[in-house]
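The structure appears below as structure tokens.
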Amino acid sequence: MRLFKQKEEFRKVLISWYLREKRDLPWRRTSDPYHIWVSEVMLQQTRVETVISYFERFIDKYPTVFDLATANEEELLKVWEGLGYYSRVRNLQSGVKEVAANYGGIVPSTRGEISKLKGVGPYTAGAVLSIAYNIPEHAVDGNVMRVLSRILLIEDDIAQPKNRKIFEEVVMELIDKEDPSSFNQGMMELGALICTPKPKCLLCPVQQFCGAFHEGKQEELPVKLKKVKKKIVPVFSFALQNEKGEWLLMKRPETGLLANMWEFPMIEMEKNISAEQALYEKFGVKIKHLSPEIRFKHIFSHLTWEIQSFHGIINELPLKQFQFFSEEEVEALPMPVPVLKIWTELKSR
DNA sequence: AAAACGGGGTC
DNA sequence: GACCCAGTTTT
């Protein structure tokens with residue numbers, strides 16, 4: 001392909017564009033591998049603008065590997081609250097603990113070692129190695145696959161896991177050995193700013209290298225076939241107070257959806273059961289008066305909750321496994337966004 | 001290989 | 001409503 005003869009020119013153009021146009025982001029003001037690592041984990045499936053404030057707060061609170069290694073898990077979840085994919089932060093702490101214990105607090109600098117850390121997959125490994133240590137390793141994310149599929153007219157389905165290897169091999173052929181950090185970040189920045197799903201080819205610094213542009217196929221690439229059919233799950237949510245005005249919250253299981261987050265008791269709605277019946281059957285609690293609160297949908301990547309929330313007062317003696325919290329205590333617990341939404345609504349009354 | 005795993009911005 | 005975002009882990 002044409003590009004093969006112009007690899008050096010491509011690198012030069014890409015990197016000079018990147019150095020000129022790159023956004024000023026907090027994690028670009030540091031070379032601390034741990035800080036870079038944190039940013040990469042936060043950025044997984046998450047937009048840059050969303051991550052910025054979380055990153056600054058997180059680094060402020062946990063400036064070193066050792067600060068994070070010794071952090072309290074519930075406090076950690078609270079800092080992550082609203083970011084989503086909460087297993088990321090538990091895996092991150094697990095990985096950081098290993099670095100503190102087995103690597104003297106120094107993030108390892110080989111793909112073999114860093115990839116063994118919890119939460120560090122092929123992308124994050126390559127990103128930390130190239131950005132923090134300037135090692136020529138591939139870091140293939142959605143941006144890079146989109147950019148390369150267009151430049152090289154790669155029509156393999158990027159939703160298929162086995163095809164990721166194609167892009168990794170291309171990057172290893174193409175990467176700049178002198179400045180792999182700017183090369184990888186340049187590819188991603190290009191995907192974020194120019195080679196977007198709806199590409200801005202007229203502004204593109206590497207337009208001359210782009211096979212898709214020459215053939216007018218930039219809108220058709222990359223090929224991505226996977227389609228997910230989402231389930232709809234109707235749920236009841238019960239905000240219950242005891243006679244002292246305290247709130248009943250329950251901690252979700254330690255694995256699965258929203259692991260270890262706190263919520264008002266929630267019940268998946270079956271058949272045409274009433275809220276009162278559901279509450280009695282699941283928790284053995286009888287409520288005199290259950291008043292309907294807000295109804296709304298909460299959309300996850302793989303399912304949708306249709307939430308009907310209720311408010312009620314518990315008069316009878318609560319079971320011992322139930323925990324009640326004051327308003328201040330509730331606010332300190334990590335809660336997922338749909339629960340925060342109900343809570344905010346209740347407080348506004 | 002496919003599904004699970006959050007939340008929000010955009011067109 | 002569909003897409004998709006600096007993906008990884010579990011099944």
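Order of the sequence lines sets the chain letters (A, B, ...), proteins ahead of strands, with each chain counted from 1. Only a predicted model underlies this, so the values are computations on that prediction, with no experimental measurement involved.
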>> Could you tell me how far B/dG9 sits from C/dT8 if I compare only their P atoms? Round to whole Å.
In response: 24 Å
>> Check the phosphate of B/dC5 against A/His302, side-chain N and O only, distance under 4.0 Å to OP1 or OP2. Yes or no?
In response: yes
>> Are A/Phe264 and A/Phe238, when compared by the centres of their aromatic rings, separated by less than 6.0 Å?
In response: no
> With a 4.0 Å cut-off on heavy atoms, is A/Lys198 in touch with a base, just the backbone sugar-phosphate, or nothing at all?
Replying inline: nothing
>> By the 4.0 Å heavy-atom rule, please label A/Arg23 as base, sugar-phosphate, or nothing.
In response: base
> Contact class for A/Val120 vs. all strands (heavy atom < 4.0 Å): base, sugar-phosphate, or nothing?
Replying inline: sugar-phosphate
> Is it true that A/Lys118 and A/Glu98 have a side-chain N and a carboxylate O under 4.0 angstrom from each other?
Replying inline: no
>> Side chain of A/Gln160, heavy atoms from C-beta onward: which of B/dA4, B/dA2, B/dG8 has the nearest atom to it?
In response: B/dA2
> Between C/dC5, C/dA6, B/dA2, which nucleotide has the shortest distance from any of its atoms to the side chain of A/Met188?
Replying inline: C/dA6
> NZ of A/Lys118 versus P of C/dT8: gap in Å, rounded?
Replying inline: 13 Å
> With a cut-off of 6.0 Å (strictly less than), are more than 12 heavy atoms of other residues, nucleotides or ligands near CD of A/Glu219?
Replying inline: yes
> Base, sugar-phosphate alone, or nothing: which one does A/Ser39 contact when heavy atoms must sit under 4.0 Å apart?
Replying inline: nothing
>> Nearest to the side chain of A/Tyr123, heavy atoms from C-beta on, is which of C/dG7, C/dC5, B/dG7?
In response: C/dG7
> Counting side-chain heavy atoms from C-beta on, which of B/dG6, C/dC5, C/dA6 comes nearest to A/Ser301?
Replying inline: B/dG6
>> Please classify the nucleic acid contact of A/Arg164 as base, sugar-phosphate, or nothing, using heavy-atom distances under 4.0 Å.
In response: nothing
> Can you find a side chain N or O atom of A/His298 that sits less than 4.0 Å from OP1 or OP2 on B/dG6?
Replying inline: no
>> Quick check for you: among B/dG6, B/dA2, B/dA4, whose closest atom lies nearest to any side-chain atom of A/Pro161?
In response: B/dA2
> Nearest nucleotide by nearest heavy atom, which residue falls closer to the 5' end of DNA chain C, A/Arg47 or A/Thr124?
Replying inline: A/Arg47
> Where the side chain of A/Leu25 is concerned, which of C/dA6, C/dC5, C/dG7 is the nearest nucleotide?
Replying inline: C/dA6
>> Just by distance, no angles: are the side chains of A/Glu169 and A/His138 close enough, under 3.5 Å, to form a donor-acceptor pair?
In response: no
> Which part of the nucleic acid, if any, lies within contact of A/Gly256, taking any heavy atom under 4.0 Å across all strands shown: a base, the sugar-phosphate backbone alone, or nothing?
Replying inline: sugar-phosphate
> Expressed in angstrom and rounded to an integer, what is the separation of A/Lys230 atom NZ from B/dC5 atom C1'?
Replying inline: 13 Å
> When all nucleic acid strands are considered with a 4.0 Å heavy-atom cut-off, which category describes A/Pro338: base, sugar-phosphate, or nothing?
Replying inline: sugar-phosphate
> B/dG6 P sits how many Å from A/Asn91 CG, rounded?
Replying inline: 11 Å
> Whole-Å distance between C/dA6 C1' and A/Glu189 CD?
Replying inline: 10 Å
> Given C/dA6, B/dG7, B/dC5, which nucleotide is nearest the side-chain atoms of A/Leu257?
Replying inline: B/dC5
> A/Val48 has a side chain; which of B/dG7, C/dA6, B/dA1 sits nearest to it?
Replying inline: C/dA6
> How far does the P atom of B/dA4 sit from the matching atom of C/dA6, given to the nearest Å?
Replying inline: 24 Å
> Across the strands shown, which category fits A/Trp27 at heavy-atom distances under 4.0 angstrom: base, sugar-phosphate, nothing?
Replying inline: base
> For C/dC5, does OP1 or OP2 lie under 4.0 Å from any side-chain N or O of A/Arg146?
Replying inline: yes
>> Base, sugar-phosphate or nothing for A/Asn184? Non-hydrogen atoms, less than 4.0 Å.
In response: nothing
> Hey, which of these two, A/Ala159 or A/Ser87, hits DNA chain B nearer its 5' end, going by closest nucleotide?
Replying inline: A/Ala159
> Do A/Arg28 and A/Lys22 come within less than 4.5 Å of each other through their side chains, counting heavy atoms only?
Replying inline: yes
> Rounded to the nearest Å, what distance is computed from the NZ atom of residue A/Lys231 to the C1' atom of nucleotide B/dC5?
Replying inline: 12 Å
> Ignoring hydrogens and angles, are the base of B/dG7 and the side chain of A/Thr50 linked by a donor-acceptor pair under 3.5 Å?
Replying inline: no
>> If I take atom NZ in residue A/Lys200 and atom C1' in nucleotide B/dC11, what distance separates them, rounded to the nearest angstrom?
In response: 11 Å
>> What is the distance, to the nearest angstrom, from the CZ atom on A/Arg90 to the C1' atom on C/dT9?
In response: 12 Å
>> Is there, by distance only and without an angle test, a donor paired with an acceptor across the side chain of A/Tyr85 and the base of B/dG6 below 3.5 Å?
In response: yes
> On a whole-Å scale, what distance lies between the P atoms belonging to C/dC3 and B/dA3?
Replying inline: 16 Å
>> Could you check whether A/Lys61 pairs with A/Glu75 (Lys NZ or Arg NE/NH1/NH2 to Asp/Glu carboxylate O, under 4.0 Å)?
In response: yes
> If you pin A/Lys297 and A/Gly142 to their nearest nucleotides in DNA chain C, which one's is more 5'?
Replying inline: A/Lys297
> Closest to the A/Gln45 side chain: C/dG7, C/dT9, C/dA6?
Replying inline: C/dG7
>> Counting only heavy atoms not in A/Tyr280 (residues, nucleotides, ligands), do more than 12 fall under 6.0 Å from its OH?
In response: no
> Between atom OH in A/Tyr86 and atom C1' in B/dC5, what is the gap in whole Å?
Replying inline: 11 Å
>> Quick check for you: among C/dT8, B/dG6, C/dC4, whose closest atom lies nearest to any side-chain atom of A/Leu258?
In response: B/dG6
>> Can you see whether A/Asn143 engages A/Arg146 through a side-chain donor-acceptor pair at a distance of less than 3.5 angstrom?
In response: yes
